[in-house]
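By convention in this document, chain letters (A, B, ...) are assigned in the order of the sequence lines, proteins followed by strands, and residues within each chain are numbered from 1. Please read these numbers as outputs of a predicted model, since none were measured by experiment.
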2 protein chains.
Amino acid sequence: MTQVDGLSRRERQIMDIIYERSEATVADVRGALPEPPSYSAVRALLRILEEKGHLQHRQDGPRYVYLATVPYRQARESAMRRVLRTFFGGSASRAVAALLDMEADNLSEDELQHLAGLVDEARKKGR
Amino acid sequence: MTQVDGLSRRERQIMDIIYERSEATVADVRGALPEPPSYSAVRALLRILEEKGHLQHRQDGPRYVYLATVPYRQARESAMRRVLRTFFGGSASRAVAALLDMEADNLSEDELQHLAGLVDEARKKGR
DNA sequence: CTTAGCATGCTAAGATATTAGCACTGAGAT
DNA sequence: ATCTCAGTGCTAATATCTTAGCATGCTAAG
């Protein structure tokens, strides 16, 4: 999901978990995995992801805390563009329409008002 | 990217290509792959994806045309929800905001107007 | 001081994915 | 008729991913 490509199944799961939580320890990652493999297995994956340059870690007391090397926003944009291309022919407006359609019931009046403002702002900027 | 998970790197690439084009022949898929492996390799992947139930094929003259078994809309929603969860804490409005921010310059006045209408509609539906 | 718990370093086996190669078939061109 | 091209069926080797296991060090409790 994350960025370009080249990640395997587990690797991708792990990257997603890390982006979802900003950073995570081995135990965090393991706890978030659907059918968690052994502690060792998770550690190995994290090490490999670090070798490949997707992750880095810092020491927090006795344990490692992993975080992504590609900044959050950049990864997010990359993921969005990919969905855009794959499912919306690259059209952001079609994607927004789909989101509104999917989530209309879960959006509060406040949120909708805010979005209306953003759309308006974009229109002003356009001309 | 597509649905739940469990796809390997190439498998995922191929599924994305198929969703992007609705359907595709072996040559189509191979042509769309970044660093295309042999024709045989692509065929093998397609066969495996079909075995796993992600694809099906029909005969078109002498060749196979592959298409996804999971309907387009469902796969699309699944992919969206995944990005939502991973990068937007599940918030659709944050995702919409990011899309507008990313693509503001590429959105036409017509599209923006249309979106404004959709937001308005959602607000009416809400109350 | 010694033990138990929890963390990492390192290594190797096992499972899967990825690729290529060869055999076969059918259609159209010479 | 036969040659060649473009397709599929099938199989096997290679690469990569995924997992587990053992050794080690550090810290806190008994």
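- Between dG9(C) and Tyr64(A), a contact under 4.0 Å exists linking OP1 or OP2 to a side-chain N or O.
- In this structure the side chain of Arg58(B) reaches within 4.5 angstrom of the side chain of Glu23(B), judged on heavy atoms.
- As a whole-Å value, the separation of Leu49(A) CG from dT19(D) P is 12 Å.
- Taking atom CG of Leu45(A) as the reference point, atom C1' of dA20(D) lies 13 Å away to the nearest angstrom.
- Side-chain atoms of Arg47(A) stay outside donor-acceptor range of the base of dG9(C), with no qualifying N/O pair under 3.5 Å.
- Taking 4.0 Å as the cut-off between side-chain N and carboxylate O, Arg21(A) and Asp16(A) do not count as a salt-bridged pair.
- Residue Arg63(A) places at least one side-chain N or O closer than 4.0 Å to OP1 or OP2 of dA7(C).
- Taking atom NE2 on His57(A) and atom P on dG9(C), their separation rounds to 7 Å, with Å as the unit.
- Residues Lys52(B) and Ser38(B) both approach DNA chain C. Their nearest nucleotides, taken by heavy-atom distance, put Lys52(B) toward the 5′ side.
- Rounded to whole Å, atom P of dT18(C) lies 12 Å from atom CG of Leu7(A).
- For the pair Asp60(A) CG and dT8(C) C1', the interatomic distance rounds to 14 Å; values are reported in whole Å.
- Looking only at distances, no side-chain donor or acceptor of Ser93(A) sits under 3.5 Å from a matching main-chain atom of Glu111(B).
- Rounded to an integer number of Å, the gap from Leu46(B) CG to dA17(C) P is 15 Å.
- Distances shorter than 4.0 Å separate some side-chain N or O of Tyr39(B) from OP1 or OP2 on dT8(D).
- A salt bridge is defined here as a Lys NZ or Arg NE, NH1 or NH2 lying under 4.0 Å from an Asp or Glu carboxylate O, and Lys124(A) with Asp120(A) meets this definition.
- Test Ile48(B), Leu7(B), Val29(B) against Ile14(B) for side-chain contact (heavy atoms from CB on, under 4.5 Å) and you get one pass: Val29(B).
- Val26(A) comes within 4.0 angstrom of sugar-phosphate atoms only, judged by non-hydrogen atoms across all strands, and of no base.
- In this structure, Gln59(A) atom CD and dG25(D) atom P are separated by 16 Å, rounded to whole Å.
- Remark: the Arg43(B) side chain and the dG7(D) base include no donor-acceptor N/O pair separated by less than 3.5 Å.
- If Tyr66(A) and Ala44(A) are placed on DNA chain C by their nearest nucleotide, the residue sitting closer to the 5' end is Tyr66(A).
- An OP1 or OP2 oxygen of dA17(C) is reached within less than 4.0 angstrom by no side-chain nitrogen or oxygen of Arg9(A).
- The phosphate of dC17(D) has neither OP1 nor OP2 within less than 4.0 Å of any side-chain N or O from Ser8(B).
- In this structure, dA27(C) forms a base pair with dT4(D), meeting either the Watson-Crick or the G-U wobble geometry with both donor-acceptor distances under 3.5 Å.
- Between the CD atom of Glu11(B) and the P atom of dT16(D) there is a distance of 16 Å, given to the nearest Å.
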